[in-house]
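Let me begin by presenting the structure, written as structure tokens, before commenting on it.
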Amino acid sequence: MGDLEHGASRQRRLERLADSADFRRVREQGRCWSDPRVVLCAHPNGLARVRVGYAVSKRIGKAVRRNRIKRLMRESVRAYSDLVSPGWDIVIIARQRVSVSDYWEVQGSIGHLLGQAGVFRSTDVAMTGQTG
RNA sequence: CGAGUGAGCCAGGCGACCGCGGAGGGCCGGUAACGGGCCUUCGAGGAAAGUCCGAACUCCCCAGAGCACGAUGCUGGAUAACGUCCAGGCGGGGUGACCCGACGGCACAGUGCAACAGAGAGGAGAUUGCCGCCUGCAGGCAGGGCCCUGGUUCUGCGGCCGGCGGUGAGGGUGAAACGGUGGUGUAAGGGACCACCGGCGGCCCGGGCGACCGGGUCGGCCAGGCAAACCCCAUCGGGAGCAAGACCAAGCAAGGGGCGUCCCGAGCAUGCUCGGGACAGAGGCUGCUCGUCUCAGGCCCCGGGUAGGUCGCACGAGGCGCCGAGCAAUCGGCGUCCCAGAUAGAUGGUCGCCAGCGCCGUCGACGUGCGGCGCGACAGAAUUCGGCUUAUCGGCUCACUCGCCUC
RNA sequence: CGGGGCGUAGCGCAGCCCGGUAGCGCACUUGAAUGGGGUUCAAGUGGUCGGACGUUCAAAUCGUCUCGCCCCGA
């Protein structure tokens, strides 16, 4: 509701998902979609904002590589942040293949899965967001 | 020019757009809590890594002693400390610049191990050989005869076999066999003796703070290897770790178990409570002994409940520059700078240009010119420092060594 | 941050303390018995002992460093 009040008091569109219980709820009660690079899970949170969490297993690589993958995923989600409708908790899990993917492949995967999950405000806006 | 040694440094640069975390300052909305946005500024490494050592800091609340246990191990120095660093000694490697070394132990007392081979593996051993002596009955060698191709008998011998003794030099085994060379001596030999050399020990002299080195003299050659085998000696070590620890908020705060005996006095429900005293005991101090602290008041254990916020938390054995002391590690003085603080964890994404390296193509001009493609390592702070170790594409600087060529 | 364990034949494990011969079971190969298969019996192949360096005459074993995997505690 805060983003409708005044232009100067826009709320942050994206928040981080930080609680272990939240992660577990999204994984167990939400729906999941996947492609060879990432797994995406989504679950309604009843709030007026979107929370996104990222999971990169130690099996993917060492600390530098895991940080790099998280940054690519965060940057990809940021590209779609204006298009996601509020009220969702999203968890994105890295698979083995992302370690050999570049940014555009990761963004494509995440955009495609967000579209499959149906968390965009409307479908045509999602398509325009995917190109840019 | 080629090959190499040592020391040190860098870790691509610039720009545009969109983002992230900290600090400071305004602004906007809101009573406030708070939220949003703007400006300025700062924002990973030489190893941030492995967590192998050492400390700071914090708590336990005493750490005092001994044993045990662990670590270290040439000498001197540096340092807050170290298993680190510097200098030196000794030993080893390299033509050399240089590099490597867990390098205490006859300061003292012990124990243990060495497969196989070999005679013998620790104060050992005697097969063969060498040397001396000995009988010729049995056995050895040589020759002859007989039965007949294997025995028997006769003769001879100390060269071969045998017996006794000496010896450990030679051959041989082994990773290792109780000095080496030459000589004297001897029946043959042996440090049995002599000369020189090597090594060991004692004493003396000289140099050095010292490890140790140089020289002399005497003894003796009887003194082996492994202590990353037990062990001994010297030195050091209280334990835990920022999830330490402090505060705030929230929540559970129900219940169970453990905490000696005796004597005296009082109370009553006649075996419990209270008070006093004595004795021991129990528990903590990471194992044990002494020692110390606590013991009727709360403590400990189980169970139960939270895992939110603030501090710790970034001015420090701090970085840089200059000067001085020292061979150096390092230390002192002056000036200057403020230089990451996340917490599902910031420091990123895309694009362009210029340099670097490699490959390919091209040329009236082989110029490293032009064009294209590719590569750009190892790796991400988590309380903070000092080291060590390990990973690492490529490049730069200085000093030095060896070889070849030219002048 | 602290602590512990493992790595040996294709697989699961002994051997390590106290150094000298790497062994067991399954599997694999060959042969015998059967018309064929299973089963059984006999024989056999197969191991850089995770890696590097060191101590030693000699290392799976002892020491140091390192790699990988697994498990605890706060």
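Naming: A, B, ... by sequence-line order, numbering from 1 per chain. What you see is a predicted model; the values in this text were computed from it and never measured.
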Open item on the list: Using the salt bridge (charged side-chain N to carboxylate O under 4.0 Å, His left out) criterion, which residues pair with A/Arg25? Sequence neighbours excluded.
Closed with: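 Partners of A/Arg25 by the salt bridge (charged side-chain N to carboxylate O under 4.0 Å, His left out) criterion, ordered by chain and then number, come out as A/Asp22, A/Asp89.
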Give the rounded distance in Å between these two atoms: [atom1] of [X] and [atom2] of [N].
| X | N | atom1 | atom2 | value |
| --- | --- | --- | --- | --- |
| A/Arg71 | B/G380 | CZ | P | 12 Å |
| A/Arg25 | B/A344 | CZ | P | 16 Å |
| A/Asp102 | B/G374 | CG | P | 13 Å |

TODO: Starting at CG of A/Leu114, measure out to CD1 of A/Ile90 and round the result to the nearest 0.5 Å.
DONE: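 Separation between the atoms: 5.5 Å.
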Task: Atom pair CD (A/Gln29) and CZ (A/Arg24), whose distance is rounded to the nearest 0.5 Å - done: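 Taking CD in A/Gln29 and CZ in A/Arg24, the distance rounds to 10.0 Å.
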TODO: Specify the residue among A/Arg65 and A/Tyr54 whose closest nucleotide of RNA chain B lies further upstream toward the 5′ end.
DONE: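 Going by which nucleotide is closer to the 5' end, it is A/Tyr54.
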Give every donor-acceptor pair under 3.5 Å between a side-chain atom in residues 54-67 of chain A and any protein atom, sequence neighbours left out.
residue, atom, partner, partner atom, Å
A/Ser57, OG, A/Arg59, N, 2.9
A/Arg66, NH1, A/Gly61, O, 2.9

For nucleotides 3-5 of chain C, tabulate all protein N/O to nucleotide N/O atom pairs closer than 3.5 Å, reporting atom names and distance.
none

Less than 3.5 Å apart, which donor and acceptor atoms pair up between the side chains of residues 93-100 of chain A and the rest of the protein, not counting sequence neighbours?
residue, atom, partner, partner atom, Å
A/Arg95, NH1, A/Asp35, O, 3.0
A/Ser99, OG, A/Gln96, O, 2.8

Task: Where at least one partner belongs to residues 82-119 of chain A, residue pairs that pass disulfide (SG to SG under 2.5 Å), sequence neighbours excluded - done: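 Residue pairs passing disulfide (SG to SG under 2.5 Å), neighbours aside: none found.
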TODO: Strictly below 4.0 Å, heavy-atom distances to any atom of RNA chain B: list the hits from residues 31-43 of chain A, or just say none.
DONE: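 Nothing qualifies; none.
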- [ ] Mind telling me if B/C268 is syn or anti? Syn here is a glycosidic angle within 90° of 0.
- [x]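 The base of B/C268 is oriented anti (glycosidic angle more than 90° from 0).
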TODO: Assign A/Lys70 to base, sugar-phosphate, or nothing according to its heavy-atom contacts below 4.0 angstrom with the strands shown.
DONE: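 The residue A/Lys70 makes no contact with any strand.
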